[in-house]
2 protein chains.
Amino acid sequence: MWNVDEVLEKLKAKGYKLTSQRRAIIERLCGRKDHPTAEQLYNELKKDYPTISFATIYSTVQLLAELGYLQILTIDDKKSHFDPTPDMHAHFLCQGCGKLEDIEIIPEEAEKLKSLCAHKARIIEVFIYGLCPECDKG
Amino acid sequence: MWNVDEVLEKLKAKGYKLTSQRRAIIERLCGRKDHPTAEQLYNELKKDYPTISFATIYSTVQLLAELGYLQILTIDDKKSHFDPTPDMHAHFLCQGCGKLEDIEIIPEEAEKLKSLCAHKARIIEVFIYGLCPECDKG
DNA sequence: CTGCGTGCAAACTATTTGCAGTTAC
DNA sequence: GTAACTGCAAATAGTTTGCACGCAG
């Protein structure tokens, strides 16, 4: 898992400006295990940055995705979820309650998946749809 | 791979009406190896059904997804692609040219993926993003 | 000082929805 | 006959964009 300074270094090295908004977004994402949407981030950041905008959030998040620090998940067809954990894992979406969870993939398995594809694979995503134990009961 | 009659039977059995539009959409999807978008289907169907609407296409496609005859792919964050092939396989999206390809997964591998998840898995999707050989060259 | 980044609002676009007319059964 | 389906148009909502201002380097 990356830390804030590491990402800021990289941004500087690539010639991007270190604005307070970018810092705030990176701090907000650092170490998270959940998968916030743009709206969620916006609401959280608004407390400290009342004027922050969706434009800034989307642009920063795209920047982080390009640098490999997060993935923009399209598992939910309504909105994007941001996943700041770079090591490969699968995602489970409960079709009952909409809960989104991480599922571990052993590295060996991940390697096999990568080798499936003759082309140069940059990113692999595994999405599993189903019912979580609670929704399965009801 | 399913055939048209099989799907029509199932619809009838479930109490859905067999309209000419549904028939046309199912016929149009049967045996396809590509992954058309709603717009693509719309343009193709317009030739025989000049009054067909997106509402009908979307609703029929959702119905087919519920019955397990196709998957609605969210690999492309702009629009949905419909995949009428029910056997499990991965999808590759070229980030250069946007080309969408099937990647085979051996059944054994698919089973392993399913067992990753403690919950009841209905659908598994594997999306691989990268560059196709042509785009990788340039 | 210079240009990248931000914030606002407007634009965009794929998909969904309401409703009146139509059709399968 | 009647409930389900269709087609149109309008609504929806997440994301993107244009532009003027502000701030980092």
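Proteins get letters first, then strands, A, B, ... in listed order; numbering begins at 1 in each. Side chains included, hydrogens not; waters and symmetry mates left out as well; all remaining heavy atoms used.
- Between B/T19 and B/D77, the residue whose closest nucleotide on DNA chain D is further toward the 5' end is B/T19.
- When distances run from any side-chain atom of B/R22 to the nucleotides D/dT15, D/dG7, D/dC5, the shortest one goes to D/dC5.
- Of the side-chain N and O atoms in B/S53, none sit less than 4.0 angstrom from OP1 or OP2 of D/dC8.
- The 5' end of DNA chain C is approached more closely, in terms of each residue's nearest nucleotide, by A/Y49 than by the other of B/R23 and A/Y49.
- When atom types are taken as modelled, the side chain of A/W2 and the backbone of A/Y69 share a donor-acceptor pair closer than 3.5 angstrom.
- One can place OH of B/Y16 at 14 Å from C1' of D/dA3, the figure rounded to the nearest angstrom.
- In this structure, A/G15 and A/P50 both approach DNA chain C, and ranking their closest nucleotides by distance from the 5' end singles out A/G15.
- Following rounding to the nearest Å, A/I57 (CD1) and D/dT17 (P) show an atom-to-atom distance of 17 Å.
- Phosphate proximity of D/dT16 to A/Q62: present, with a side-chain N or O under 4.0 Å from OP1 or OP2.
- Taking 3.5 Å as the limit, the base of D/dA13 and the side chain of A/K79 contain no donor-acceptor pair of atoms between them.
- One interatomic measurement links the two molecules: CG of B/L41 to P of D/dG7, which rounds to 14 Å at whole-angstrom precision.
- Backbone-only engagement by B/S80 is indicated by non-hydrogen atom pairs under 4.0 Å involving sugar-phosphate atoms exclusively.
- Atoms NZ (B/K46) and P (D/dT6) sit 18 Å apart, rounded to a whole Å.
- Within 6.0 Å of CD in A/E6 there are more than 12 heavy atoms belonging to other residues, nucleotides or ligands.
- Between the CG atom of B/D76 and the P atom of C/dA14 there is a distance of 10 Å, rounded to whole Å.
- Judged by distance alone, the side chain of A/D34 and the main-chain N or O of A/P36 form no donor-acceptor pair under 3.5 Å.
- Around atom CD of B/Q95, more than 12 heavy atoms belonging to other residues, nucleotides or ligands sit under 6.0 Å away.
- Computed from coordinates, the A/Y42 OH to C/dC8 P distance equals 7 Å when rounded to whole Å.
- Under 4.0 angstrom from either OP1 or OP2 of D/dG25 there lies no side-chain N or O belonging to A/K12.
- The side chain of B/Q21 contributes no N or O atom lying less than 4.0 Å from OP1 or OP2 of C/dT23.
- The interatomic distance linking A/F54 (CZ) with D/dT17 (P) rounds to 17 Å, in whole Å.
- Between B/K17 and B/T51, it is B/K17 whose nearest contact on DNA chain D lies nearer the 5' terminus.
- Ring-centre distance between A/H91 and A/H81: not below the 6.0 Å cut-off.
- The side chain of A/K78 places an N or O atom within less than 4.0 Å of a non-bridging phosphate oxygen (OP1 or OP2) of C/dT16.
- One can place CG of A/L11 at 16 Å from P of C/dC4, the figure rounded to the nearest angstrom.
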